[in-house]
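What follows is a short report on a single structure.
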Amino acid sequence: MDVASMIAINNRNMITMMNALQEVNHIVLFNEVGAIKGKLMDADSQWVKVETPKKGTQLINRNMIRNITFSL
């Protein structure tokens, strides 16, 4: 499999996972700076949109996300 195909599959898998997580009310995204807590609103191949109680809507580059925790 060539690199372009692997990247396309990875991007599609990430979007599918983010869409499934939209059913969850609260998620925590961890990056090297800290954590962002809120509700997942949208995601595409590059950005994740999270509604946070303190800072409002934030756009996070998905390449910066290291871990995702969610509560039901």
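Because the structure is a prediction, the values reported are computed rather than measured.
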When rounded to the nearest 0.5 Å, the distance separating NZ of K55 from CD1 of I36 is 7.5 Å
pair V48-Q58: side-chain heavy atoms closer than 4.5 Å = no
Heavy-atom nearest pair, P53 first then G38, reads CD-CA, 4.4 Å
**Study point:** Within-4.5 Å side-chain heavy-atom neighbours: V50 and M41
**Key:** no
Between N61 and W47, does a side chain to side chain contact (heavy atoms under 4.5 Å, CB included) hold up when you go through it step by step? CA-CA 5 Å; N61 185 311; W47 298 97; 3.8 Å; yes
Correct closest heavy-atom pair for T52 and K37 would be CG2-O, 3.2 Å
So CD of E51 and OG1 of T57: to nearest 0.5 Å the spacing works out to 3.5 Å
* Please report the C-alpha distance between Q46 and N63 in whole Å, then the side-chain angles of each, then the deciding distance to 0.1 Å, and finally whether the side chain to side chain contact (heavy atoms under 4.5 Å, CB included) criterion is met. => CA-CA 7 Å; Q46 188 66 27; N63 294 328; 3.8 Å; yes
